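Quick notes on the structure that follows.
As the structure lists them, so they are numbered: ligands from 1, and atoms in each ligand from 1. If you're wondering where the values come from, they're calculated on a predicted model, not measured in any experiment.
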Amino acid sequence: MADREQTLTEFIIQEQRRFPHATGEYTALLNYIRLACKRISFLIGRGALGGVLGSTGAVNVQGETQARLDVIANDIFLRTSEYGGHLAAMVSEEMDGPYTIPPEYPRGKYLLAFDPLDGSSNVDVNVSVGSIFSVLRAPDHARDPAAADFLQPGTQQLCAGYAIYGPTTMMVLTLGRGVHGFTLDRGMGEFILTHPDLRIPEAASEFAINASNDRFWEPPVKRYVAECLAGRGGPREKDFNMRWIASLVAEVHRILVRGGLFMYPRDSKDPARAGRLRLLYEGNPMAMLVEQAGGAASTGTGRILEVVPADLHQRVPVILGSRDEVARIERYHAEHEQGLDRPFTSPLFNERSLFMPT
Ligand code: MN
Ligand code: MN
(Lines give C-alpha, C1' and ligand atoms only; values in the text may rest on other atoms or scores of the structure.)
(Ligands and ions follow the chains in the order given, each with its own letter.)
Protein backbone atom coordinates (compact mmCIF):
# COMPACT_ATOMS: atom_id res chain seq x y z
CA MET A 1 0.00 0.00 0.00
CA ALA A 2 1.24 3.48 -0.83
CA ASP A 3 2.04 5.87 1.98
CA ARG A 4 -0.18 8.43 0.38
CA GLU A 5 -3.61 8.73 1.98
CA GLN A 6 -6.12 6.95 -0.22
CA THR A 7 -9.79 7.87 -0.54
CA LEU A 8 -12.49 5.29 -1.16
CA THR A 9 -12.96 6.56 -4.71
CA GLU A 10 -9.24 6.29 -5.43
CA PHE A 11 -9.21 2.79 -4.02
CA ILE A 12 -12.07 1.69 -6.28
CA ILE A 13 -10.40 3.26 -9.33
CA GLN A 14 -7.17 1.48 -8.45
CA GLU A 15 -9.01 -1.86 -8.19
CA GLN A 16 -10.73 -1.21 -11.48
CA ARG A 17 -7.43 -0.49 -13.26
CA ARG A 18 -6.55 -4.13 -12.76
CA PHE A 19 -9.16 -5.02 -15.34
CA PRO A 20 -8.16 -3.69 -18.77
CA HIS A 21 -11.68 -3.62 -20.18
CA ALA A 22 -13.37 -2.09 -17.17
CA THR A 23 -15.73 0.71 -18.11
CA GLY A 24 -15.78 2.58 -14.84
CA GLU A 25 -19.48 1.89 -14.35
CA TYR A 26 -18.73 -0.04 -11.26
CA THR A 27 -16.70 2.78 -9.77
CA ALA A 28 -19.57 5.16 -10.38
CA LEU A 29 -22.15 2.79 -8.87
CA LEU A 30 -20.11 2.46 -5.68
CA ASN A 31 -19.78 6.22 -5.55
CA TYR A 32 -23.56 6.55 -5.39
CA ILE A 33 -23.78 3.94 -2.64
CA ARG A 34 -21.07 5.83 -0.77
CA LEU A 35 -23.06 9.04 -1.16
CA ALA A 36 -26.25 7.37 0.13
CA CYS A 37 -24.35 6.16 3.21
CA LYS A 38 -22.90 9.63 3.83
CA ARG A 39 -26.40 11.11 3.69
CA ILE A 40 -27.75 8.54 6.13
CA SER A 41 -24.73 9.01 8.39
CA PHE A 42 -25.40 12.74 8.49
CA LEU A 43 -29.05 12.24 9.48
CA ILE A 44 -28.25 9.66 12.14
CA GLY A 45 -25.54 11.92 13.51
CA ARG A 46 -28.15 14.65 14.01
CA GLY A 47 -30.20 12.25 16.13
CA ALA A 48 -33.10 13.85 17.96
CA LEU A 49 -32.07 17.26 16.53
CA GLY A 50 -33.01 16.03 13.06
CA GLY A 51 -36.54 15.15 14.22
CA VAL A 52 -36.29 11.73 12.60
CA LEU A 53 -36.26 9.32 15.54
CA GLY A 54 -39.18 7.18 16.64
CA SER A 55 -41.60 4.87 14.89
CA THR A 56 -43.87 5.40 11.89
CA GLY A 57 -46.49 3.23 13.56
CA ALA A 58 -46.47 1.09 10.39
CA VAL A 59 -45.27 -2.48 9.87
CA ASN A 60 -43.02 -3.47 6.94
CA VAL A 61 -43.23 -6.49 4.64
CA GLN A 62 -41.27 -8.48 7.26
CA GLY A 63 -43.91 -7.85 9.91
CA GLU A 64 -41.52 -5.56 11.79
CA THR A 65 -42.30 -2.13 13.17
CA GLN A 66 -40.84 0.49 10.89
CA ALA A 67 -38.75 3.20 12.46
CA ARG A 68 -39.08 6.58 10.74
CA LEU A 69 -35.42 6.29 9.86
CA ASP A 70 -36.03 2.91 8.13
CA VAL A 71 -38.31 4.65 5.68
CA ILE A 72 -36.11 7.72 5.25
CA ALA A 73 -32.94 5.65 4.78
CA ASN A 74 -34.70 3.45 2.22
CA ASP A 75 -35.76 6.54 0.32
CA ILE A 76 -32.23 7.97 0.41
CA PHE A 77 -30.84 4.72 -1.02
CA LEU A 78 -33.41 4.67 -3.83
CA ARG A 79 -33.16 8.35 -4.79
CA THR A 80 -29.36 8.42 -4.63
CA SER A 81 -28.67 5.20 -6.52
CA GLU A 82 -31.37 5.33 -9.21
CA TYR A 83 -29.87 8.43 -10.81
CA GLY A 84 -26.51 7.21 -12.11
CA GLY A 85 -27.64 4.82 -14.85
CA HIS A 86 -25.80 1.78 -13.48
CA LEU A 87 -28.67 -0.12 -11.93
CA ALA A 88 -31.49 -2.13 -13.46
CA ALA A 89 -33.43 -2.64 -10.21
CA MET A 90 -33.15 -2.66 -6.43
CA VAL A 91 -34.63 -4.69 -3.61
CA SER A 92 -34.62 -3.79 0.04
CA GLU A 93 -35.80 -4.97 3.41
CA GLU A 94 -38.40 -2.21 3.41
CA MET A 95 -40.04 -3.00 0.05
CA ASP A 96 -42.30 -5.85 -0.97
CA GLY A 97 -40.90 -6.36 -4.45
CA PRO A 98 -38.20 -5.00 -6.76
CA TYR A 99 -37.96 -1.29 -7.48
CA THR A 100 -37.40 -0.67 -11.18
CA ILE A 101 -35.41 2.37 -12.29
CA PRO A 102 -37.87 5.11 -13.39
CA PRO A 103 -38.02 5.75 -17.15
CA GLU A 104 -36.41 9.20 -16.92
CA TYR A 105 -33.07 7.63 -15.98
CA PRO A 106 -30.87 5.31 -18.02
CA ARG A 107 -30.84 1.71 -16.94
CA GLY A 108 -27.67 -0.23 -16.23
CA LYS A 109 -26.61 -3.83 -15.82
CA TYR A 110 -26.39 -4.20 -12.06
CA LEU A 111 -28.85 -5.18 -9.35
CA LEU A 112 -28.63 -3.76 -5.84
CA ALA A 113 -29.99 -5.45 -2.72
CA PHE A 114 -29.80 -3.48 0.51
CA ASP A 115 -30.83 -3.15 4.10
CA PRO A 116 -31.03 0.64 4.39
CA LEU A 117 -30.87 0.71 8.16
CA ASP A 118 -29.75 -2.37 10.02
CA GLY A 119 -30.33 -2.45 13.78
CA SER A 120 -32.82 0.40 13.53
CA SER A 121 -34.33 -0.42 16.93
CA ASN A 122 -30.96 0.70 18.31
CA VAL A 123 -31.12 4.21 16.90
CA ASP A 124 -33.23 5.62 19.70
CA VAL A 125 -30.72 4.41 22.29
CA ASN A 126 -27.69 5.76 20.42
CA VAL A 127 -26.09 2.40 19.67
CA SER A 128 -24.28 1.72 16.36
CA VAL A 129 -26.45 0.94 13.35
CA GLY A 130 -25.56 0.49 9.69
CA SER A 131 -26.52 -0.02 6.05
CA ILE A 132 -25.76 -3.26 4.19
CA PHE A 133 -25.52 -3.71 0.41
CA SER A 134 -24.90 -6.40 -2.17
CA VAL A 135 -24.34 -5.95 -5.92
CA LEU A 136 -25.32 -8.59 -8.48
CA ARG A 137 -25.22 -8.59 -12.25
CA ALA A 138 -28.62 -8.32 -13.95
CA PRO A 139 -29.26 -11.24 -16.31
CA ASP A 140 -28.70 -10.11 -19.95
CA HIS A 141 -32.26 -10.68 -21.00
CA ALA A 142 -33.68 -8.69 -18.12
CA ARG A 143 -35.17 -5.51 -19.59
CA ASP A 144 -37.48 -5.23 -16.63
CA PRO A 145 -35.81 -7.19 -13.88
CA ALA A 146 -38.24 -9.19 -11.79
CA ALA A 147 -37.89 -10.71 -8.34
CA ALA A 148 -36.61 -13.95 -9.92
CA ASP A 149 -33.57 -12.12 -11.33
CA PHE A 150 -32.40 -11.40 -7.79
CA LEU A 151 -32.60 -15.03 -6.73
CA GLN A 152 -28.91 -15.74 -7.33
CA PRO A 153 -26.73 -17.51 -4.76
CA GLY A 154 -24.32 -15.27 -2.83
CA THR A 155 -21.36 -16.66 -4.75
CA GLN A 156 -22.59 -14.50 -7.66
CA GLN A 157 -22.14 -11.23 -5.75
CA LEU A 158 -19.76 -8.81 -7.46
CA CYS A 159 -19.27 -6.73 -4.41
CA ALA A 160 -20.68 -6.35 -0.92
CA GLY A 161 -20.24 -4.11 2.06
CA TYR A 162 -21.74 -2.08 4.82
CA ALA A 163 -21.55 1.31 6.40
CA ILE A 164 -21.44 1.47 10.18
CA TYR A 165 -22.73 4.58 11.89
CA GLY A 166 -20.99 4.46 15.25
CA PRO A 167 -18.67 6.81 17.10
CA THR A 168 -17.04 7.02 13.67
CA THR A 169 -18.75 6.31 10.37
CA MET A 170 -16.96 3.65 8.35
CA MET A 171 -17.50 1.84 5.08
CA VAL A 172 -16.26 -1.73 4.87
CA LEU A 173 -16.12 -3.21 1.42
CA THR A 174 -15.09 -6.21 -0.62
CA LEU A 175 -14.74 -6.31 -4.39
CA GLY A 176 -13.70 -9.95 -4.18
CA ARG A 177 -10.08 -9.23 -3.27
CA GLY A 178 -9.96 -8.88 0.50
CA VAL A 179 -11.89 -6.61 2.84
CA HIS A 180 -11.03 -2.98 3.33
CA GLY A 181 -12.28 -0.42 5.84
CA PHE A 182 -12.59 3.33 5.24
CA THR A 183 -13.24 5.95 7.93
CA LEU A 184 -15.30 9.03 7.15
CA ASP A 185 -13.31 12.20 7.64
CA ARG A 186 -16.23 14.42 8.58
CA GLY A 187 -14.32 17.65 8.00
CA MET A 188 -13.38 16.69 4.47
CA GLY A 189 -16.47 14.59 3.71
CA GLU A 190 -14.37 11.74 2.31
CA PHE A 191 -13.89 8.11 3.31
CA ILE A 192 -10.18 7.39 3.86
CA LEU A 193 -8.64 3.91 3.76
CA THR A 194 -7.76 3.20 7.40
CA HIS A 195 -8.20 -0.58 7.69
CA PRO A 196 -6.62 -2.23 4.64
CA ASP A 197 -6.95 -5.99 4.29
CA LEU A 198 -8.90 -6.91 7.43
CA ARG A 199 -8.24 -10.52 8.52
CA ILE A 200 -10.29 -12.53 11.00
CA PRO A 201 -8.16 -14.59 13.42
CA GLU A 202 -8.81 -18.33 13.00
CA ALA A 203 -9.39 -19.00 16.69
CA ALA A 204 -11.70 -17.08 18.97
CA SER A 205 -12.68 -16.69 22.59
CA GLU A 206 -15.69 -14.42 22.07
CA PHE A 207 -19.15 -15.43 20.91
CA ALA A 208 -22.38 -13.53 20.33
CA ILE A 209 -25.87 -15.01 20.42
CA ASN A 210 -29.27 -13.91 21.67
CA ALA A 211 -29.32 -16.12 24.75
CA SER A 212 -33.01 -15.44 25.43
CA ASN A 213 -33.74 -17.88 22.58
CA ASP A 214 -31.81 -20.67 24.32
CA ARG A 215 -34.89 -22.90 24.65
CA PHE A 216 -35.52 -22.71 20.87
CA TRP A 217 -31.97 -23.54 19.70
CA GLU A 218 -30.97 -26.66 17.82
CA PRO A 219 -29.04 -29.22 19.90
CA PRO A 220 -25.67 -28.54 18.17
CA VAL A 221 -25.92 -24.84 19.05
CA LYS A 222 -26.91 -25.65 22.63
CA ARG A 223 -23.92 -27.94 22.87
CA TYR A 224 -21.56 -25.30 21.49
CA VAL A 225 -22.76 -22.56 23.83
CA ALA A 226 -22.81 -24.87 26.87
CA GLU A 227 -19.20 -25.82 26.19
CA CYS A 228 -18.17 -22.16 25.87
CA LEU A 229 -19.92 -21.27 29.11
CA ALA A 230 -18.21 -24.10 30.95
CA GLY A 231 -14.97 -22.21 30.34
CA ARG A 232 -11.63 -23.42 31.61
CA GLY A 233 -13.16 -26.40 33.43
CA GLY A 234 -15.13 -27.59 30.38
CA PRO A 235 -14.17 -29.44 27.20
CA ARG A 236 -12.85 -26.25 25.55
CA GLU A 237 -10.44 -25.70 28.46
CA LYS A 238 -10.59 -21.93 28.12
CA ASP A 239 -12.79 -19.06 29.18
CA PHE A 240 -15.02 -17.28 26.67
CA ASN A 241 -16.62 -13.86 26.69
CA MET A 242 -20.10 -13.21 25.37
CA ARG A 243 -21.22 -10.17 23.37
CA TRP A 244 -24.62 -9.12 22.05
CA ILE A 245 -25.34 -5.78 20.38
CA ALA A 246 -28.50 -6.77 18.43
CA SER A 247 -27.21 -4.91 15.39
CA LEU A 248 -25.82 -7.23 12.71
CA VAL A 249 -23.53 -4.58 11.27
CA ALA A 250 -21.97 -3.86 14.67
CA GLU A 251 -21.54 -7.60 15.38
CA VAL A 252 -19.86 -8.29 12.03
CA HIS A 253 -17.69 -5.21 12.36
CA ARG A 254 -16.38 -6.43 15.72
CA ILE A 255 -15.63 -9.82 14.21
CA LEU A 256 -13.79 -8.32 11.23
CA VAL A 257 -11.68 -6.17 13.52
CA ARG A 258 -10.84 -8.64 16.31
CA GLY A 259 -12.37 -12.03 15.56
CA GLY A 260 -15.01 -14.10 17.34
CA LEU A 261 -18.21 -15.85 16.42
CA PHE A 262 -21.70 -14.51 15.72
CA MET A 263 -24.78 -16.74 15.59
CA TYR A 264 -28.39 -16.23 14.68
CA PRO A 265 -29.12 -19.92 14.20
CA ARG A 266 -32.25 -21.65 13.01
CA ASP A 267 -34.57 -22.00 15.98
CA SER A 268 -37.92 -23.56 16.70
CA LYS A 269 -39.60 -20.32 17.78
CA ASP A 270 -41.32 -19.93 14.43
CA PRO A 271 -40.87 -23.14 12.44
CA ALA A 272 -41.97 -21.39 9.24
CA ARG A 273 -38.78 -19.32 9.33
CA ALA A 274 -35.32 -20.71 8.78
CA GLY A 275 -33.76 -18.10 11.07
CA ARG A 276 -34.05 -14.41 11.72
CA LEU A 277 -31.75 -12.74 9.20
CA ARG A 278 -32.53 -12.25 5.52
CA LEU A 279 -30.41 -13.98 2.91
CA LEU A 280 -30.23 -11.43 0.08
CA TYR A 281 -29.35 -8.25 1.93
CA GLU A 282 -28.01 -9.47 5.29
CA GLY A 283 -26.67 -13.05 5.12
CA ASN A 284 -25.04 -12.93 1.69
CA PRO A 285 -23.19 -9.62 1.87
CA MET A 286 -21.93 -10.38 5.39
CA ALA A 287 -20.92 -13.91 4.35
CA MET A 288 -18.93 -12.55 1.40
CA LEU A 289 -17.13 -10.05 3.64
CA VAL A 290 -16.36 -12.65 6.30
CA GLU A 291 -15.05 -15.21 3.79
CA GLN A 292 -12.98 -12.55 2.05
CA ALA A 293 -11.43 -11.73 5.44
CA GLY A 294 -10.41 -15.36 5.98
CA GLY A 295 -13.36 -16.32 8.15
CA ALA A 296 -16.32 -18.62 7.45
CA ALA A 297 -20.08 -18.12 7.19
CA SER A 298 -22.40 -21.10 7.50
CA THR A 299 -26.02 -22.06 7.96
CA GLY A 300 -24.71 -24.76 10.32
CA THR A 301 -24.70 -27.32 7.53
CA GLY A 302 -23.12 -25.47 4.59
CA ARG A 303 -21.89 -22.17 3.17
CA ILE A 304 -24.42 -19.34 3.27
CA LEU A 305 -23.10 -18.17 -0.12
CA GLU A 306 -24.23 -21.42 -1.74
CA VAL A 307 -27.85 -21.22 -0.62
CA VAL A 308 -30.05 -20.76 -3.70
CA PRO A 309 -32.68 -18.18 -2.77
CA ALA A 310 -36.33 -19.00 -3.39
CA ASP A 311 -37.72 -15.70 -2.19
CA LEU A 312 -36.57 -12.06 -1.98
CA HIS A 313 -37.08 -11.90 1.76
CA GLN A 314 -36.02 -15.45 2.54
CA ARG A 315 -34.47 -15.97 5.96
CA VAL A 316 -31.35 -17.94 6.67
CA PRO A 317 -29.57 -19.28 9.75
CA VAL A 318 -26.31 -17.35 10.20
CA ILE A 319 -23.18 -18.61 11.94
CA LEU A 320 -20.15 -16.55 11.01
CA GLY A 321 -16.72 -15.51 12.16
CA SER A 322 -13.47 -17.26 13.04
CA ARG A 323 -12.98 -20.26 10.81
CA ASP A 324 -12.17 -22.83 13.51
CA GLU A 325 -15.29 -22.00 15.50
CA VAL A 326 -17.61 -22.16 12.47
CA ALA A 327 -16.05 -25.50 11.49
CA ARG A 328 -16.69 -26.78 15.02
CA ILE A 329 -20.40 -25.91 14.87
CA GLU A 330 -20.69 -27.56 11.45
CA ARG A 331 -19.06 -30.66 12.96
CA TYR A 332 -21.55 -30.59 15.85
CA HIS A 333 -24.39 -30.46 13.30
CA ALA A 334 -22.94 -33.40 11.40
CA GLU A 335 -22.45 -35.41 14.60
CA HIS A 336 -26.00 -34.64 15.65
CA GLU A 337 -27.34 -35.82 12.29
CA GLN A 338 -25.48 -39.08 12.74
CA GLY A 339 -26.59 -39.42 16.36
CA LEU A 340 -22.97 -39.24 17.51
CA ASP A 341 -23.18 -36.28 19.83
CA ARG A 342 -23.36 -36.73 23.52
CA PRO A 343 -24.95 -33.81 25.33
CA PHE A 344 -22.27 -32.05 27.27
CA THR A 345 -22.60 -32.08 31.03
CA SER A 346 -20.15 -30.77 33.51
CA PRO A 347 -20.05 -30.41 37.27
CA LEU A 348 -20.32 -26.66 36.63
CA PHE A 349 -23.80 -27.17 35.28
CA ASN A 350 -26.71 -27.62 37.58
CA GLU A 351 -30.43 -27.48 37.16
CA ARG A 352 -30.50 -23.77 37.88
CA SER A 353 -28.44 -22.95 34.80
CA LEU A 354 -30.11 -20.96 32.07
CA PHE A 355 -28.02 -22.88 29.61
CA MET A 356 -28.85 -26.48 30.35
CA PRO A 357 -27.61 -28.69 27.57
CA THR A 358 -30.24 -30.96 26.06
MN1 MN B 1 -31.13 -5.66 9.25
MN1 MN C 1 -33.19 -2.70 8.36
Mark yes or no for whether Asp185, through its side chain, and Met188, through its backbone, hold a donor-acceptor pair below 3.5 Å. yes

What are the protein N/O/S atoms, named by residue and atom, that sit under 2.8 Å from the Mn ion (ligand 2)? Glu93 OE1, Asp115 OD1, Leu117 O

What atom name does the N, O or S atom of Glu282 nearest to the Mn ion (ligand 1) carry? OE2

Scan for ring pair (Phe, Tyr, Trp, His ring centres under 6.0 Å) pairs involving residues 89-136, sequence neighbours excluded, and state none if there are none. Tyr26-Tyr110, Phe77-Phe114, Tyr83-Tyr105

With clusters built from Ile, Leu, Val, Met, Phe, Trp and Tyr whose side-chain heavy atoms come within less than 4.5 Å, directly or transitively, what are the remaining members of the cluster of Leu151, listed by chain and number? Val91, Leu111, Leu136, Phe150, Leu280, Tyr281, Leu312

Lys/Arg-Asp/Glu bridge criterion (N-O < 4.0 Å) met for Arg232, Glu237: no

If we ignore angles and hydrogens, is there a donor and acceptor under 3.5 Å between the side chains of Thr9 and Asn31? yes

According to side-chain contact (heavy atoms from CB on, under 4.5 Å), who are the partners of Arg273, at least two apart in sequence or on a separate chain? Asp270, Arg315

